[in-house]
Visitor: 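Can you keep this structure in mind? I'll have questions shortly.
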Amino acid sequence: MSKEQVATYQTRFALEDESALSACSHLFSSLERKLFADLMAKKSLTSLKKAYISDYRITARQFNSLHFQLKGKIQSAKTLQKERAKELSHKIISIEKKLSKLKGKQLFRQKNAMAKAKKKLHDLRELNKEDAVRLCFGGKKLFRSQFQAKDHAEWKKEWIEKRNNSFFSVGSKDETAGNQSCTLGKKAGKLFLRLRLPHSLESSYGKYIFIEDLSFSYGEKNILEALEENIKRSLLYKAKDPSFKELGRALSYRFVKDGKGWRVFLSVSLKKPPVLSKKELGVIGIDLNVDHLAVVETDRFGNKIKAEKIPLNLYGKTKDQALALIGDVSREIIEQAKISKKPIAIEKLDFGKKKKSLRSQSPKKARMLSSFSYNKIHSFLKAKAYREGIEVLEVNPAYTSMLGHIKYTRLFGLSIHTAAAYTIGRRGLGFFEKLPFGQEVSLLTTKNTTLLFKVPVRNPHLDRVEVLRKT
């Protein structure tokens, strides 16, 4: 099974007086930005924690929440920077290959595009060398809109609100109710939250904010189970029963203000379910493509049982529409896995490689599978599989399309994509594909180019493949 999964649920709430919550949000948001500047200046985290607790009169747990949230943003930005650098490198190489064939305005435009790409690549590499990132708190889109804004004062008001509209409270299973700073409780059949304010705000607003009558339309069962488990852990700890260590679940909270008011997002670790799927029965291989998912079910020997194509065209869809479609498709695949009791085999998440493999498609089709969609399909499948006790096998996607095309398109009458899904499934079962022994294999690509695969003399298998192009 995959590592412990976390589910996030949300609900709206109303307060008669929101001033305390707004003051809390403004304080933590400004401290997060200051902490980012200090960390980028390579200051010691230990000394920063002592200084922030003393100077800004916050608790140790509140500082930990600031750092935990910021650390996630920094790590995400670093990953994106590295991926962006790879994309720019490929773009530069691609443009360099075209230059000799271009003239006039096209040549000028491509040279200009290459110069810009090289400048961006240089800047990214410098940031990566320094182990630094750039973050725009409030968002680049809103920041840049000031240059087109008719009323700069109105823009500035919106900018300040956007930069200070949220804060985070990290939880731990070792703490009361899974979170020391924000405690969930139940009173008269209703959930409530008690939010601890920083010491610096106590004189103005008191020690706590109480948020009553919380109701989660989805996930309340998991929330109540976590709450009961944390109460049981606390009782066992007081009774000095060592079994308390096996219980407890962290509850983390994010408060966000939007145009309609305040929302709270509650993240809770899910209880690990029993494993339903068995690799001994076979596997369901999945290949992600621009407008569909190719799905192939095998038996335990890696033989194909059935193959299908599930439409998933996200091009031109809104974010909510895309998420709804991805959810429906994920549910369909998980249901198939539950019935067959077989694990799912998918590619290891690497959008850079996936995007590179899509370059054989037309530019329009290559744009249809965005990094957002690719990540969401992976995360939805993993999350739903975890909750249903279905194992997810992540395999190296290298050469799966090529091998599937060579070996299985003609043999089983499969499309290139279902053949790739079949190869992924077999790889998940531990089988390794080999080229036909002692033969040269050719195939026709989408660009009307014949690829001739010549089997090396020293290694007749697929450890090394010599590719000869014939136009």
Side-chain angles (χ1 to χ4, degrees), residues 36-37 40 73-150 152 155-156 158-159 162-163 288-291 313-319 322 349-376 397 401 445-449 451 467 469-471:
F36 173 70
M40 289 299 103
K73 290 180 180 179
I74 291 171
Q75 189 56 50
S76 177
K78 284 181 179 178
T79 304
L80 286 172
Q81 280 180 184
K82 289 176 181 176
E83 290 301 319
R84 181 60 178 150
K86 287 180 184 177
E87 288 179 16
L88 287 169
S89 296
H90 291 310
K91 183 178 180 179
I92 291 166
I93 292 168
S94 178
I95 292 173
E96 285 175 341
K97 289 178 180 178
K98 294 178 184 176
L99 289 180
S100 61
K101 302 175 183 178
L102 301 176
K103 294 179 181 179
K105 289 183 179 180
Q106 286 187 338
L107 179 62
F108 173 78
R109 287 171 184 164
Q110 290 300 315
K111 280 186 175 181
N112 193 31
M114 187 168 69
K116 288 180 179 179
K118 284 183 176 179
K119 176 64 170 63
K120 289 178 182 178
L121 181 59
H122 175 266
D123 293 344
L124 285 174
R125 283 176 174 170
E126 288 300 313
L127 281 174
N128 290 334
K129 280 181 187 177
E130 296 170 8
D131 196 29
V133 297
R134 291 173 182 164
L135 291 179
C136 183
F137 295 91
K140 288 182 182 178
K141 185 177 179 180
L142 181 57
F143 177 77
R144 289 169 180 163
S145 69
Q146 66 176 305
F147 305 113
Q148 286 80 39
K150 294 180 180 179
H152 193 269
W155 170 86
K156 191 173 181 180
E158 185 183 355
W159 172 249
K162 185 70 181 294
R163 280 161 65 89
L288 278 61
N289 297 286
V290 291
D291 57 357
N313 190 348
L314 305 177
Y315 188 66
K317 301 293 189 295
T318 66
K319 182 179 176 181
L349 186 60
D350 189 336
F351 182 70
K353 289 183 179 178
K354 189 69 178 177
K355 190 172 182 179
K356 190 177 178 182
S357 72
L358 292 174
R359 284 180 181 163
S360 60
Q361 302 279 357
S362 67
K364 182 180 177 181
K365 283 190 173 182
R367 286 194 299 268
M368 289 168 72
L369 185 63
S370 66
S371 59
F372 168 80
S373 305
Y374 188 66
N375 278 278
K376 285 299 177 184
S401 296
T445 70
T446 54
K447 293 184 177 181
N448 293 323
T449 300
L451 298 182
V467 181
R469 289 188 175 273
K470 290 185 177 180
T471 57

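The analysis underlying the following values was restricted to heavy atoms, covering all of them including side chains, and did not include hydrogens, waters or symmetry mates.
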Visitor: How long is the gap from SG on Cys136 to NZ on Lys141, to the nearest 0.5 Å?
Guide: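 The NZ atom of Lys141 is 13.5 Å from SG of Cys136, to the nearest 0.5 Å.
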
Visitor: If you count the non-hydrogen atoms of other residues, nucleotides and ligands that lie under 6.0 Å from NZ in Lys73, is the total more than 12?
Guide: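 Counting neighbours around NZ of Lys73, more than 12 heavy atoms of other residues, nucleotides or ligands fall under 6.0 Å, so yes.
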
Visitor: Which atom names give the shortest non-hydrogen contact between Arg144 and Gln148, and what distance separates them?
Guide: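 Closest approach of Arg144 to Gln148: O-OE1, 3.3 Å.
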
Visitor: Rounded to the nearest 0.5 Å, how far apart are NZ of Lys86 and CG of Leu124?
Guide: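 Here the interatomic distance stands at 13.0 Å.
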
Visitor: Looking only at non-hydrogen atoms, find the nearest pair between Ala117 and Lys91 and report the distance.
Guide: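 Here Ala117 and Lys91 meet closest at CB-CD, 4.5 Å.
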
Visitor: Measuring from atom CD1 of Ile93 to atom CE of Met114, what distance do you get when rounded to the nearest 0.5 angstrom?
Guide: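 Here the interatomic distance stands at 11.5 Å.
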
Visitor: So, for Leu99 and Leu107, which heavy atoms are closest and what is the spacing to 0.1 Å?
Guide: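 For Leu99 versus Leu107, the nearest heavy atoms are O-CD1, 3.6 Å.
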
Visitor: Is there side-chain contact between Gln106 and Lys98, with heavy atoms separated by less than 4.5 Å?
Guide: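 The answer is no; the side chains never approach within 4.5 Å.
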
Visitor: Of all residues at least two apart in sequence or in a different chain, which pass the ring-ring contact (aromatic ring centres under 6.0 Å, His included) check with His122?
Guide: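 Here no residue qualifies.
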
Visitor: Atom CD in Glu96, atom NZ in Lys118: separation rounded to 0.5 Å?
Guide: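 So the gap between those two atoms works out to 5.0 Å.
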
Visitor: I'd like to check Val133 versus Met40 (side-chain heavy atoms, cut-off strictly below 4.5 Å). Are they in contact?
Guide: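 Counting from C-beta outward, Val133 and Met40 do come under 4.5 Å.
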
Visitor: Please find the pair of heavy atoms, one from Ala77 and one from Leu135, that lie closest to each other, and give the distance.
Guide: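 Nearest pair, atom of Ala77 first, then Leu135: CB-CD2, 3.9 Å.
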
Visitor: Nearest 0.5 Å, what's the NZ-CZ distance between Lys140 and Arg134?
Guide: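 Lys140 atom NZ to Arg134 atom CZ measures 8.0 Å (nearest 0.5 Å).
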
Visitor: Between the side chain of Ser89 and the main-chain N/O of Ala85, is any donor-acceptor distance below 3.5 Å?
Guide: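 Between the backbone of Ala85 and the side chain of Ser89 there is a qualifying donor-acceptor contact (under 3.5 Å).
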
Visitor: First locate atom CZ of Arg84, then atom OG1 of Thr79, and finally report the distance between them rounded to the nearest 0.5 Å.
Guide: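 Nearest 0.5 Å value for the CZ-OG1 distance: 15.5 Å.
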
Visitor: Is the backbone N or O of Leu142 less than 3.5 Å from a side-chain atom of Trp155, with the two atoms forming a donor-acceptor pair by type?
Guide: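 It does hold such a pair.
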
Visitor: Taking the side chain from Arg163 and the backbone from Phe137, do they hold a donor-acceptor pair closer than 3.5 Å?
Guide: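 Yes, because the side chain of Arg163 sits within donor-acceptor range (under 3.5 Å) of the backbone of Phe137.
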
Visitor: Count the heavy atoms belonging to other residues, nucleotides or ligands that lie under 6.0 Å from CZ of Phe143, then report whether that count exceeds 12.
Guide: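 No.
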
Visitor: Would you find a donor on one side and an acceptor on the other, under 3.5 Å apart, between the side chain of Asn112 and the backbone of Phe108?
Guide: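 Not at all, since once roles are kept as given, no pair shorter than 3.5 Å links the two residues.
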
Visitor: Verify the neighbour count for atom NZ of Lys317: are there more than 12 heavy atoms of other residues, nucleotides or ligands below 6.0 Å?
Guide: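 Enclosed: over 12 neighbouring heavy atoms sit under 6.0 Å from NZ of Lys317.
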
Visitor: I need the minimum non-hydrogen distance between Gly139 and Trp159, along with the two atoms involved.
Guide: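 That closest heavy-atom pairing would be O-CZ3, 3.6 Å.
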
Visitor: Could I get the full list of side-chain hydrogen bond (donor to acceptor under 3.5 Å, both in side chains) partners for Gln146, not counting sequence neighbours?
Guide: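 side-chain hydrogen bond (donor to acceptor under 3.5 Å, both in side chains) list for Gln146, sorted by chain: His152.
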
